[in-house]
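Below is one structure, written out as structure tokens, with a few remarks after it.
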Amino acid sequence: MMVLFDVLYCGNYLQAYTNELEMEVAQLVEENARLKRQQQQSYLPAASPVPKKHGLHRSSTAPF
């Protein structure tokens with residue numbers, strides 16, 4: 001009788017542990033999706049692009 005109790009207890013323990021892990025995975029999948037959406041929103045291009053600044057150019061009148 002003790003062996004049967006041990007088997008049932010072990011089975012119940014494993015089922016509870018499996019359920020706990022499945023809930024944690026579901027929460028992580030949800031959080032991952034939320035973070036991906038947040039990351040995509042932060043990478044959206046700006047509405048008005050910043051104009052390019054022109055670099056310095058050497059003048060043809062510089063003495064050498």
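A quick note: this is a predicted structure, and the numbers were derived from the prediction, not measured.
With sequence neighbours excluded, the residues forming a side chain to side chain contact (heavy atoms under 4.5 Å, CB included) with Glu22 are Thr18, Asn19, listed by chain and number. With sequence neighbours excluded, no residue satisfies side chain to side chain contact (heavy atoms under 4.5 Å, CB included) with Glu30. For Asn32, the side chain to side chain contact (heavy atoms under 4.5 Å, CB included) criterion is met by Lys36, not counting sequence neighbours. Partners of Glu31 by side chain to side chain contact (heavy atoms under 4.5 Å, CB included), not counting sequence neighbours, listed by chain and number: Leu28, Arg34, Leu35.
Here Met23 sits alone; no ILVMFWY side chain lies under 4.5 Å from its own, so it joins no hydrophobic cluster. Hydrophobic clustering, defined by side-chain heavy atoms of Ile, Leu, Val, Met, Phe, Trp and Tyr closer than 4.5 Å, groups Val25 together with Val29.
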